[in-house]
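All remarks here apply to the structure that follows.
Letters A, B, ... mirror the listed sequences (proteins, then strands); counts begin at 1. Keep in mind the model is a prediction, meaning the values are calculated, not measured. Any value given below was found using the heavy atoms of this structure, including those in side chains, with hydrogens, waters and symmetry copies removed.
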Amino acid sequence: MADFDLSASFIPALHKPSALLPIAKHRESLLYLIETNQVTIIVGQTGSGKTTQIPQFLHQAGWCEDGKVVAVTQPRRVAATTVAIRVAEEVGCEVGKEVGFSIRFEDVTSAATRIKFLTDGLLIREALVDPLLSRYSVIMVDEAHERSISTDILLGLLKKILKRRPELRVVISSATLQAEEFLNFFSTHSDEPKSAQNEGGNAGAIISLEGRTYPIDILYLESPSEDYVEKAVSTVFEIHTKEAGGDILLFLTGREEIDNAVEAISERAADLRPGAQSILVLPLYAGLSTEQQMYVFDEPPENTRKVIVSTNIAEASVTIDGIVYVIDSGFVKLRAFDPKTGIETLTATPVSKAAASQRAGRAGRTKPGKCFRLYTEQNFQALPDANIPEIQRTNLAPFVLQLKALGIDNVVRFDYLTAPPAELLIKATELLYSLGALDEYAKLTRPLGMRMAELAVEPMMAKTLLTAQSFGCLSEMLTIAAMTSLGGSVWIQRDGEKKQMESARRRFAAEEGDHLTLLNAYQAFVSKGKKESRFCHENHLNFKAMTRAVSIRGQLKRYLERFGIAADESLKGPPTGTSEQIRRCLTTGYFAHAAKMQPDGSFRNVEGGTVLHAHPSSLMFNRKADWVVFHEVMETGSKTFIRDITKIEKAWLLEYASGFYQLKS
DNA sequence: GAGCACTGC
């Protein structure tokens with residue numbers, strides 16, 4: 001018994017004790033600030049431990065007594081789940097007990113849950129049922145500086161709720177640049193009498209927490225570069241030949257650029273002198289399958305430097321360890337919505353200063369790093385401080401509908417952190433009126449408008465679903481709604497298998513267009529394919545997306561059942577809605593997205609002013625049609641594409657949307 | 001002939 005087996009006697013700690021985190025020494029002052037202020041802004045560097053520690057401090061300090069809950073919101077699902085799992089480990093409980101999380105389709109909480117991580121979109125939805133969010137004693141809004149539209153709407157709601165609940169505490173985590181803006185927002189009360197202010201304590205406070213990151217050298221170009229992809233490739237090799245070991249992360253804007261850069265880097269890497277350290281180059285973007293994305297986390301082989309060429313996904317959503325060098329092109333593709341035309345654009349735009357420093361920060365996670373910016377220091381100084389908030393450049397129809405459902409009738413006077421342009425609000429209101437969700441006084445209609453707000457799909461599809469029963473095609477529309485909400489990720493193109501994917505897609509093709517094709521694919525997946533991944537692999541379908549479609553369809557079906565609208569889904573035989581019923585039903589929701597094919601094969605919208613092209617992924621690409629409706633329109637580069645297209649009859653437009661088209665002419 | 005990233009009781 002002489003042997004003393006270390007591994008049997010000691011269990012390695014899963015996590016560093018939280019006392020070692022920089023935040024621990026601020027514990028008392030943090031708790032004091034939260035106690036005495038309704039709103040506390042935390043400026044926490046990455047690695048400060050704010051997200052994992054603050055909820056535990058609050059719990060220990062008694063904020064969860066009398067059954068109250070501390071909520072922590074995140075803009076992304078993965079963050080909500082991974083942080084919850086970590087905090088549960090630190091607390092020493094099972095996830096779903098004292099510490100839990102709640103995201104769409106996954107509620108891992110129980111009556112015992114005291115610390116709850118959730119997405120901010122979900123917390124807004126909770127306000128539909130519990131307008132004062134009364135079960136929460138503290139609500140921490142994490143990553144507020146990202147300014148997602150859900151975060152902005154949530155902050156506006158919280159400001160309203162704070163006036164009615166003086167005992168509620170709000171904690172906002174922000175980057176340095178925006179802390180004052182958040183504080184100002186919460187300390188000015190535009191339309192309240194003075195006496196109502198500061199009732200629950202002081203209006204607010206800001207506290208800074210230092211992080212635990214390593215220094216990063218920032219390097220700029222001396223003169224601007226003409227082609228940043230080419231410059232990026234040569235910079236990779238300069239780092240590789242001149243700098244010490246460590247992996248490289250290169251930020252470009254999109255799939256095409258990334259594929260080109262990956263190819264160029266592997267070609268040049270083949271010319272490296274024999275015996276030198278080699279290069280392993282990997283792409284990273286959302287359009288890749290999960291397996292392809294996972295490669296970036298693998299250890300590279302011996303004597304090999306890993307180079308990851310990524311979109312913005314690596315800026316905040318995906319964190320890769322071992323990165324020592326960052327190369328920043330200075331550009332990102334951003335979505336914007338033109339209220340005049342109703343068309344979304346996707347364009348490469350210069351990043352903000354905040355985004356540039358976030359990118360640079362990806363280099364210093366494990367040791368000191370370097371960031372090579374492919375632009376000059378003057379270029380950097382000219383960049384905007386922060387990105388334009390999403391609320392100022394997005395289609396607001398879904399959010400106007402939500403605000404109305406929350407009892408906020410005057411959406412123009414709602415207290416926004418940053419007000420959206422009036423045209424966006426008008427456009428959204430007009431669309432909701434034409435769909436029948438709002439009446440002529442812009443009040444939410446009942447039951448139609450209220451039900452549309454409760455359905456978790458965009459308003460045009462919500463309207464379609466709510467009329468489907470009267471067309472006898474509810475079962476089919478549930479499937480189509482679930483499939484279109486996947487956003488084009490249904491089919492997967494594997495390397496060099498383009499032809500095979502095309503022919504797989506043709507197997508499900510329906511003459512009438514993409515919606516019925518999606519319906520065919522789903523029905524094959526759940527019947528013949530038995531919801532198995534093998535079927536997806538054989539048919540070039542995205543298994544993850546198809547599984548998600550099954551969940552979404554189930555959720556939508558339950559919502560409708562609650563409204564007393566039940567799909568007749570008897571066990572025998574396929575659904576019975578005819579193609580015409582389905583296409584008529586689509587027209588009742590998508591009349592605003594109608595277009596007519598021209599002799600040259602392009603489309604014009606009803607007003608005739610906009611030239612639209614079928615997206616190459618659509619069945620209507622290279623096919624004849626007359627009138628169509630489509631799910632989505634997007635301008636990229638110089639062309640405007642429509643996606644998910646289905647043939648309809650012109651007469652149906654007049655039948656279901658005469659008001660809309662009279663209004664327009 | 002081709003789309004950044006997120007997200008919903």
Q | Options B:dC9, B:dC4, B:dG8, nucleotide nearest the side-chain atoms of A:Arg255 | A | B:dC4
**Q.** OP1 or OP2 of B:dC9 under 4.0 Å from side-chain N/O of A:Tyr559
**A.** yes
Q: Go through B:dG8, B:dT7, B:dA2 for me and flag the one nearest to the A:Phe641 side chain.
A: B:dA2
Q. Below 3.5 Å, does any donor atom in the side chain of A:Arg562 face an acceptor in the base of B:dC9, or the other way round?
A. yes
Q: For residues A:Met477 and A:Met461, determine if any side-chain heavy atom of one lies less than 4.5 Å from a side-chain heavy atom of the other.
A: yes
Q) Among B:dG1, B:dC4, B:dC6, which is the nearest nucleotide to the side chain of A:Phe621? A) B:dG1
Q.
So for A:Glu454 and B:dC9, does any side-chain atom that can act as donor or acceptor lie under 3.5 Å from a complementary atom in the base?
A. yes
Q) Is the shortest side-chain N/O distance from A:Ser617 to OP1 or OP2 of B:dG1 below 4.0 Å? A) no
Q: Show your reasoning for whether side-chain hydrogen bond (donor to acceptor under 3.5 Å, both in side chains) applies to A:Arg604 and A:Ser602.
A: CA-CA 7 Å; A:Arg604 297 287 182 288; A:Ser602 70; 3.0 Å; yes
Q.
Judged by each residue's nearest nucleotide on DNA chain B, which is more toward the 5′ side, A:Arg77 or A:Leu346?
A. A:Leu346
Q: Report the distance from atom CE of A:Met634 to atom C1' of B:dA5, rounded to the nearest whole Å.
A: 11 Å
Q.
Of the options B:dG8, B:dC4, B:dC6, whose atoms approach the side-chain atoms of A:Arg125 most closely?
A. B:dG8
**Q.** Per A:Pro616 side chain, nearest of listed nucleotides B:dA5, B:dT7, B:dG1
**A.** B:dG1
Q: Would you mind classifying the nucleic acid contact of A:Leu455 as base, sugar-phosphate or nothing, using non-hydrogen atoms under 4.0 angstrom?
A: base
Q) From the list B:dG8, B:dG1, B:dC6, which nucleotide is the closest neighbour of the side chain of A:Ser317? A) B:dC6
Q: Kindly point out which of B:dC9, B:dC4, B:dA5 is positioned nearest to the side chain of A:Ala286?
A: B:dA5
Q | Whichever of A:Ala79 and A:Arg335 has its nearest DNA chain B nucleotide further upstream toward 5' | A | A:Arg335
Q.
Is it the case that the side chain of A:Thr113 and the backbone of A:Ile115 share a donor-acceptor pair, with hydrogens and angles ignored and the cut-off at 3.5 Å?
A. no
Q: For A:Thr636, answer base if it contacts any base atom (sugar-phosphate contacts may also be present), sugar-phosphate if it contacts only those atoms, and nothing otherwise; contact means non-hydrogen atoms under 4.0 Å.
A: sugar-phosphate
(Q) Tell me which one of A:Thr81, A:Asp120, A:Asp142, A:Thr51 satisfies side-chain hydrogen bond (donor to acceptor under 3.5 Å, both in side chains) with A:Gln74. (A) A:Asp142
Q) Would you say the side-chain atoms of A:Glu390 and A:Thr394 include a donor-acceptor pair closer than 3.5 Å? A) no
Q: Would you tell me if any nitrogen or oxygen in the side chain of A:Gln555 comes within less than 4.0 Å of OP1 or OP2 on B:dG8?
A: no
Q) Reckon A:Ser150 touches a base, only the sugar-phosphate, or nothing at all at heavy-atom distances under 4.0 Å? A) nothing
Q: Measure the distance from CG on A:Asp259 to C1' on B:dA2 and round it to the nearest whole Å.
A: 11 Å
Q: When you get a sec, tell me which of B:dG1, B:dA5, B:dC9 is the closest nucleotide to the side chain of A:Thr311?
A: B:dA5
Q. The side chain of A:Ile313 lies closest to which of these nucleotides: B:dG1, B:dC4, B:dA5?
A. B:dA5
(Q) Starting the side chain at C-beta, find the nucleotide from B:dG1, B:dG8, B:dA5 nearest to A:Leu122. (A) B:dG8
